[in-house]
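This report concerns only the one structure given below.
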Amino acid sequence: MTQSPQRIVSVVGARPNFMKLAPLVRAFAARADVQHVIVHTGQHYDREMSEDVLRDLDVPPADYNLDVGSGTHAQQTAGIMLRFEPICEALRPQFVLVYGDVNSTVAVALVAAKLCVPVAHVEAGLRSRDWSMPEEINRVVTDRLSALLFAPSRDAVDNLTAEGVPADRIHFVGNIMIDSLVRLLPAARRMGARARHGLREGGYIVVTLHRPSNVDSPETLKELLSALSVLAADTPVLFPMHPRTRARVRTLGFRPTGQLRLLDPISYLEMLSLVASSRLVITDSGGLQEETTFLGVPCLTVRPNTERPVTCTLGTNRLVAPRRDALLDAARNGIHLRSGGQVERWDGKTAERIVAVLCDGERFE
Ligand code: UD1
């Protein structure tokens, strides 16, 4: 008699979740013993923030879309919980997989845990110890609720162990974002986004800024835009803007000068293509800190701390204060190259390991 497949529900909602989901979509598709159901919360809904990214990653349309949209943290979290609960109850999966540290992650973990459906957290154990960031709250709460914790790095394993998580729940599987990067880098290079933008190899800077701490205060945003304007006097600076940032820059009435190019959000492949050939990345994103480390591209992270310390200790990342002069100093003097791909288990095989844990009971210590 054949056994019925185990049902695994993945829930994603925001742009950085999608690169983490894609490798598992492929890995589960290769298993006859898994029924993989995808739920999109609708936390991100603009075409450039969701549909375009999912298309680049070959992720099929979600089985359920909760259409939650934007709101305050409470509105968004509660909205996802209310809409996910009946689906989770009806599906009663063996596992609910949640990704990263966005509001969708914690909302779904709360619902599933209370329905006694085991939660598995992909990208568990990262800690900035900065409770002013909503993501830190989301990480800690999600990990506390999770039955299985998939850690991307040794420091994440150590954080979980120090918090008292039993060792048999923690699996050091590596960084799943790197799976997507490894698979799509050749296509990204072939696409030649650099040439299309008329740029030289290693001759330009890529910028992304979207954290409330950087873009919601007009003073801070002005400092950062001022530094970018100085850099753009002699180097092309490409700045694809998150919708939040675009709105704040518009409110300031800021007009770019020199070679500063303010762009709409760009697709995953185009971003990868541009970053891989850039001289420097300036960002406050979590994913870019990791991607630049893998690629060996210098990265300045405009934040006082990072939950991804290996990108600083082993990789190309450096933290910088959100001040004009600090950013200019760092951009001019701080460029340090290292070869990419040197973090343990950031090797494109993380999804395979996760499936081996979920389906075959393997352990990764
Ligand atoms: C969220 C995550 C953050 C992640 C980021 C990646 C949380 C708490 N934060 O932040 O960790 O780094 O995603 O992008 O979950 N908006 C649009 N269109 C969209 C989505 C958002 O216009 O498709 C605008 C809305 O004005 C919204 C604002 O962006 O209010 C913020 O969106 P939200 O999803 O709440 O948080 P992010 O800043 O995107």
Side-chain angles (χ1 to χ4, degrees), residues 11-21 40-57 62 65-81 83-84 98-110 121-124 126-128 130-143 152 177 180 206-217 220-221 239-251 263-268 271 281-291 299 301-303 305-308 311:
V11 189
V12 290
R15 184 168 57 178
N17 290 161
F18 305 144
M19 303 72 157
K20 296 165 196 163
L21 166 69
H40 189 322
T41 66
Q43 176 174 346
H44 284 174
Y45 45 85
D46 283 356
R47 188 176 48 76
E48 304 115 313
M49 298 292 287
S50 176
E51 214 180 302
D52 289 356
V53 183
L54 289 164
R55 189 202 49 229
D56 274 2
L57 293 159
N65 198 320
L66 309 184
D67 286 321
V68 72
S70 299
T72 65
H73 284 268
Q75 284 165 346
Q76 197 170 58
T77 308
I80 295 165
M81 290 178 71
R83 293 167 195 211
F84 181 63
V98 294
Y99 300 79
D101 56 14
V102 302
N103 285 346
S104 301
T105 313
V106 72
V108 163
L110 268 166
H121 186 201
V122 178
E123 199 187 82
L126 297 183
R127 298 287 182 268
S128 65
D130 177 352
W131 283 85
S132 69
M133 286 183 72
E135 291 82 0
E136 183 70 359
I137 299 170
N138 294 345
R139 287 180 204 114
V140 171
V141 174
T142 302
D143 284 343
M177 284 204 83
S180 283
V206 176
V207 178
T208 79
L209 296 166
H210 73 283
R211 299 271 166 213
S213 58
N214 282 330
V215 304
D216 282 1
S217 142
T220 304
L221 185 55
F239 186 0
M241 289 189 295
H242 183 284
R244 172 201 290 278
T245 312
R246 194 167 47 196
R248 303 293 185 271
V249 168
R250 205 170 281 156
T251 306
L263 311 172
D264 285 334
I266 57 178
S267 73
Y268 175 74
M271 189 67 175
V281 168
I282 298 174
T283 191
D284 57 12
S285 136
L288 270 169
Q289 295 174 54
E290 300 175 335
E291 289 161 346
C299 178
T301 296
V302 188
R303 281 183 45 191
N305 48 55
T306 179
E307 60 290 333
R308 296 164 159 90
T311 62

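All values below were derived from every heavy atom in this structure, side-chain atoms included, with hydrogens, water molecules and symmetry-related copies excluded. Starting from 1, each residue takes its place in the sequence as its number. When a ligand or atom number is given, it counts from 1 through the structure's own listing order.
In this structure, atom 18 (N) of ligand 1 lies nearest to the protein heavy atom Asp46 OD2, 3.0 Å. Given atom 14 (O) of ligand 1, the protein heavy atom at minimum distance is His44 CE1, 3.1 Å. Closest to atom 2 (C) of ligand 1, if we only count protein heavy atoms, is Val102 CG1, 3.7 Å. Summary of contacts: the protein heavy atom closest to atom 25 (C) of ligand 1 is Ser70 OG, 3.4 Å.
Applying the 4.0 Å criterion to heavy atoms of Asn103 picks out, from ligand 1, the atoms 7 (C), 8 (C), 15 (O). Listed by atom number, the atoms of ligand 1 under 4.0 Å from Met49 heavy atoms are 23 (O). Listed by number with element, the atoms of ligand 1 under 4.0 Å from a non-hydrogen atom of Pro16 are 6 (C). Set against the non-hydrogen atoms of His210, the atoms of ligand 1 under 4.0 Å away are 4 (C), 5 (C), 6 (C), 12 (O). Residue His73 approaches ligand 1 through these ligand atoms, each under 4.0 Å from one of its heavy atoms: 8 (C). Here is the list of ligand 1 atoms found below 4.0 Å of a heavy atom in Arg244: 31 (C), 38 (O).
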task = Let me see the working for Ser70 and Tyr45 under side-chain hydrogen bond (donor to acceptor under 3.5 Å, both in side chains), right down to the final yes or no.
result = CA-CA 9 Å; Ser70 299; Tyr45 45 85; 2.7 Å; yes
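Within the structure, ligand 1 has Gln76 among the residues with a heavy atom less than 4.0 angstrom away.
Using the six-membered ring where Trp is involved, His40 and Phe18 have ring planes that are tilted, between 30° and 60° apart.
Any N or O atom pair closer than 3.5 Å counts here, and Tyr45 shares at least one such pair with ligand 1.
Ion pairing between a basic and an acidic side chain is recognised when a charged N comes within 4.0 Å of a carboxylate O; Arg47 and Asp52 show such pairing.
Taking all heavy atoms of Arg15, Arg139, Glu135 into account, the minimum distance to atom 11 (O) of ligand 1 is reached by Glu135.
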